[in-house]
Amino acid sequence: MVDALRVIRDDGSTDPRLDPKFSEDQAVAMYRGMSLQRILDNRMLALQRQGRIGFYGPSLGQEAAIVGAAMAMGPEDWIVPQYREPGAALVRGMPLKELLCQLMGNAEDPVKGHQMPCHYVYRKGNYLSISSPVGTQLPHAVGIGWAMKLRGEKKAVLVFFGDGATSTGDFHAAMNFAGVFKTPTVFLCNNNQWAISVPVSKQTASGTLAEKASAYGFDGIRVDGMDALAVYRATRDAARNAREGLGPTLVEAVTYRMGPHSSSDDPSRYRDEAEVAMWQARDPLPRFRRYLEHAGWWDEGREARLEQEIGDEITRAVQEAERIPPPAIETIFADVYAEMPPHLRQEMDAFLELPRR
Ligand SMILES: Cc1ncc(C[n+]2csc(CCOP(=O)(O)OP(=O)(O)O)c2C)c(N)n1
Ligand SMILES: [Mg+2]
């Protein structure tokens with residue numbers, strides 16, 4: 001791997017120059033966030049196979065890059081997700097049940113089933129709704145940052161995207177605009193080596209993704225994305241600079257998509273198992289656990305209790321969400337206009353007539 005910022009060493013000790021010096025509570029909260037994301041992923045993939053949810057996109061292997069970055073942002077900042085970051089929504093305080101309701105598209109889904117499953121939104125936590133087209137969230141995030149700047153607010157925006165998104169026109173437009181207007185944007189590229197079946201080597205001829213920032217006139221930094229403290233450190237510093245008016249930063253988190261692209265994908269069709277095994281040895285969870293153990297904050301007992309607690313929490317949320325009925329038919333026609341125009345009302349009335357006929 002090309003040189004990347006690392007904080008947690010193999011033995012669980014940290015680089016003293018870069019260690020963010022967490023308290024035990026902060027460190028455990030970070031591990032909890034990553035474990036929640038991991039256990040949730042496995043449970044949701046199983047739920048999808050049982051036909052209880054329609055679709056799921058896991059983030060197996062990317063927990064450090066997602067939770068580490070989200071925890072580095074302040075409560076007033078905004079998070080603009082890609083589609084693999086329920087872990088970041090949960091960090092912002094989204095209740096697990098609400099997340100499950102979104103996956104089921106039921107009556108308590110905040111977007112009433114109008115979005116695809118896995119397209120969470122958590123307005124209270126400044127967590128923007130997800131856009132399916134690759135890369136379109138990048139100009140959105142720059143626009144939000146620009147608005148903050150025009151209003152004189154000292155806030156920052158964190159935007160997540162993948163290595164594949166760096167090949168889109170939206171990436172270049174967003175990076176260029178952010179550089180010229182010095183918007184308070186933290187570009188967090190999750191370089192997980194694959195864009196469905198396209199490897200990163202076919203995505204770019206650049207040596208790294210981070211170096212693309214220099215063409216737009218700002219800094220790019222490459223971090224070990226399997227090291228939550230390294231991601232936290234780089235994101236926290238970038239967000240601080242953004243709030244201080246110093247402009248954007250591109251953070252390339254080098255990770256690996258250990259699982260399938262989504263519940264509709266079978267990666268054994270296009271990639272070598274040996275590659276997966278190589279990256280599994282760098283799994284961000286055992287890595288962080290070694291850091292906790294080295295600090296004297298963790299043991300088998302705490303691990304077992306955490307797993308049990310998270311498992312029970314997810315079970316409760318699933319049970320509660322499954323009791324909620326689908327959204328009312330009328331909701332299909334709602335939320336299009338502030339006030340429903342006559343032609344739409346006519347369509348709705350005709351539609352509601354159907355079952356009666
Ligand atoms: C504009 C557009 N083209 C194609 C797709 C289909 N698609 C969905 S995700 C994806 C790959 C994205 O890869 P990357 O940006 O590396 O993110 P990752 O899935 O690896 O997290 C593609 C091609 C899409 N959603 N939008
Ligand atoms: Mg990718």
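First listed ligand is number 1; within each ligand, the first listed atom is number 1. Below, all heavy atoms of this structure are taken into account, side chains as well, without hydrogens, waters or symmetry copies. Here the structure is a predicted model, which means the values were calculated and not measured.
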inquiry  = Does either side chain, that of S131 or that of Q137, offer a donor lying less than 3.5 Å from an acceptor on the other one?
reply    = no

I'd like the atom pairs linking ligand 1 to the protein - N or O on both sides, separation under 3.5 Å - with distances to 0.1 Å.
| residue | atom | partner | partner atom | Å |
| --- | --- | --- | --- | --- |
| ligand 1 | 15 (O) | G164 | N | 3.1 |
| ligand 1 | 15 (O) | A165 | N | 3.0 |
| ligand 1 | 16 (O) | D163 | N | 3.3 |
| ligand 1 | 16 (O) | D163 | OD1 | 3.0 |
| ligand 1 | 16 (O) | D163 | OD2 | 3.4 |
| ligand 1 | 16 (O) | G164 | N | 2.8 |
| ligand 1 | 16 (O) | W194 | O | 3.3 |
| ligand 1 | 17 (O) | Q82 | NE2 | 2.9 |
| ligand 1 | 17 (O) | Y83 | OH | 3.2 |
| ligand 1 | 19 (O) | Y83 | OH | 2.7 |
| ligand 1 | 19 (O) | R84 | NH2 | 2.8 |
| ligand 1 | 19 (O) | H261 | ND1 | 3.3 |
| ligand 1 | 20 (O) | N192 | OD1 | 3.0 |
| ligand 1 | 20 (O) | N192 | ND2 | 2.9 |
| ligand 1 | 20 (O) | W194 | O | 2.7 |
| ligand 1 | 21 (O) | Q82 | NE2 | 2.9 |
| ligand 1 | 21 (O) | R84 | NE | 2.9 |
| ligand 1 | 21 (O) | N192 | ND2 | 3.3 |
| ligand 1 | 25 (N) | S132 | O | 3.1 |
| ligand 1 | 26 (N) | V134 | N | 3.0 |

query = Can the ring centroids of Y31 and W297 be said to lie less than 6.0 angstrom from one another?
reply = no

task = Give a yes-or-no answer on whether the side chains of R43 and T315 include a donor-acceptor pair shorter than 3.5 Å.
result = yes

message = For H261 and Y83, take the angle between the two ring planes, folded into 0 to 90°, and tell me which bin it lands in: parallel under 30, tilted 30 to 60, perpendicular over 60.
response = perpendicular

query = How about S23 and D25: does a side-chain donor come under 3.5 Å of a side-chain acceptor?
reply = no

request  = Group every Ile, Leu, Val, Met, Phe, Trp and Tyr by side-chain heavy-atom contacts under 4.5 Å, then state whether I332 and L352 land in the same group.
outcome  = yes

Aromatic plane relationship, Y216 with F218 - under 30° parallel, 30 to 60° tilted, over 60° perpendicular = tilted

task = Hey, can you tell me if F187 and F161 have their rings parallel, tilted or perpendicular (30° and 60° cut-offs)?
result = perpendicular

ask   = How about the Mg ion (ligand 2), which protein N, O or S atoms come within less than 2.8 Å?
value = D163 OD1, N192 OD1, W194 O

query = Heavy-atom distance under 4.5 Å between the side chains of Y256 and M278, does that happen here?
reply = no

